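Model, not experiment: these values are computed from the prediction. For this chain, numbers begin at 1 and follow the sequence in order.
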Amino acid sequence: MTDERLPQLRASDADRDRVVEILRDALAEGRLDMAEFDERFDATHQARTYGELEKITADLPVAAAPAQPLSLRKEPAPGGAATVWSERIREDAKGSTTGIAVMGGFERKGRWTIGRRFTALCLMGGGELDLREADFAGPEVRIDVFAVMGGVNVIVPPGVEVEIRGLGIMGGFDSEEDGIPGHPGAPRVIVSGVALMGGVGVERKLPKDEERRLKAERKEERRRLKEERRVRRELD
């Protein structure tokens with residue numbers, strides 16, 4: 001494997017933890033203020049590749065140090081386990097297959113099952129499909145969107161591969177998440193259709209439980225660093 005390919009490799013949770021330690025040291029040394037720390041902390045846990053992690057610490061002295069051995073296997077998340085996709089792909093279930101919004105809206109979120117083919121029809125209205133806690137009726141699901149003066153927002157969790165095949169006419173399909181490799185065993189989501197004077201957005205977010213855990217971790221980290229600074233001032 002060549003060095004040119006390393007930045008595109010998927011980062012593990014252990015790699016993200018090492019970056020967090022670098023940020024903590026930089027905050028304690030006064031190289032980052034609290035706002036910068038929070039911003040980079042969030043970016044670290046959202047990073048998917050080594051290249052994205054490298055950018056977070058590129059302006060810190062430790063970035064020039066020899067890189068630690070790369071981890072090429074998925075580590076369990078701190079305080080929790082990696083997603084077991086086999087438990088969320090339920091090929092025996094039909095799942096939800098339709099969402100309609102006419103001058104109004106619809107949403108699917110929380111614990112629900114999306115069918116192998118989901119059709120969203122929006123006329124001067126909008127819908128939201130949140131797949132972060134959803135089960136999947138198959139290893140590949142297709143979302144067909146037909147939106148006129150409206151649109152649909154699709155939220156996927158880390159690890160899910162997304163393919164965008166839609167057409168926007170005086171509107172658009174968000175393709176930012178298109179083609180990013182998924183985790184082994186994770187489902188694949190194909191988003192297709194037509195948006196006329198409307199749009200379809202696809203965004204990747206952590207599950208809500210993970211967001212709450214990170215928020216609590218940031219709060220505890222700020223408390224700990226504040227206490228360390230107080231002790232250092234007293235010693236000085």
Do you know the tightest heavy-atom contact between [X] and [Y]?
X	Y	result
Gly115	Ala137	CA-CB, 3.8 Å
Phe41	Val20	CE1-CG1, 3.8 Å
Val152	Ala120	CG2-CB, 3.9 Å
Gly126	Ala101	O-CB, 3.5 Å
Gly168	Phe173	N-CD1, 4.1 Å
Pro187	Gly138	CB-O, 4.4 Å

Check for me, please, whether [X] and [Y] land in the same ILVMFWY cluster - side-chain distances under 4.5 Å, paths through other members count.
X	Y	answer
Met149	Val102	yes
Val194	Leu123	yes
Leu23	Leu206	yes
Phe106	Val202	yes
Val200	Met197	no

Going from [atom1] on [X] to [atom2] on [Y], what distance comes out if it is rounded to the nearest 0.5 angstrom?
X	Y	atom1	atom2	result
Thr98	Arg117	OG1	CZ	11.5 Å
Glu52	Thr44	CD	OG1	10.5 Å
Asp135	Ile114	CG	CD1	11.0 Å

Output all residues satisfying salt bridge (Lys or Arg N to Asp or Glu O under 4.0 Å) with [X], sequence neighbours left out; order by chain, then residue number.
X	result
Glu161	Arg188
Lys55	none
Arg24	Glu21, Glu217, Glu221

May I ask you to test the [X]-[Y] pair for a side-chain heavy-atom distance under 4.5 Å?
X	Y	result
Gln46	Pro158	no
Trp85	Pro184	no
Arg90	Thr113	yes
Arg204	Val162	yes

Can a donor-acceptor pair be found, under 3.5 Å and without considering hydrogens, that links the side chain of [X] to the backbone of [Y]?
X	Y	value
Arg40	Ile56	yes
Arg16	Ala47	yes
Glu36	Asp33	yes
Arg116	Glu140	no

Fill in: side chain to side chain contact (heavy atoms under 4.5 Å, CB included) partners for Phe146, two or more places apart
Thr119, Leu121, Asp144

Worksheet, complete the sentence: Those residues at least two apart in sequence (or on a different chain) that pass side chain to side chain contact (heavy atoms under 4.5 Å, CB included) with Val189 are Leu131, Phe136, Val141, Ile143, Val160, Val191

Practice prompt. Flag yes if more than 12 heavy atoms outside Glu133 fall under 6.0 Å of its CD atom; otherwise flag no.
Written response: yes

Item to complete: Any chance you could lay out the salt bridge (Lys or Arg N to Asp or Glu O under 4.0 Å) test for Asp178 and Arg165, step after step, and finish with the verdict?
Response: CA-CA 9 Å; Asp178 187 27; Arg165 300 179 182 174; over 6 Å; no

Discussion item. Does the plane of the ring in Trp112 sit parallel, tilted or perpendicular to the ring in Phe118? Use 30° and 60° as the thresholds.
Written reply: perpendicular

Worksheet entry | Residues in side chain to side chain donor-acceptor pair (under 3.5 Å) contact with Asp174, at least two apart in sequence or another chain | none

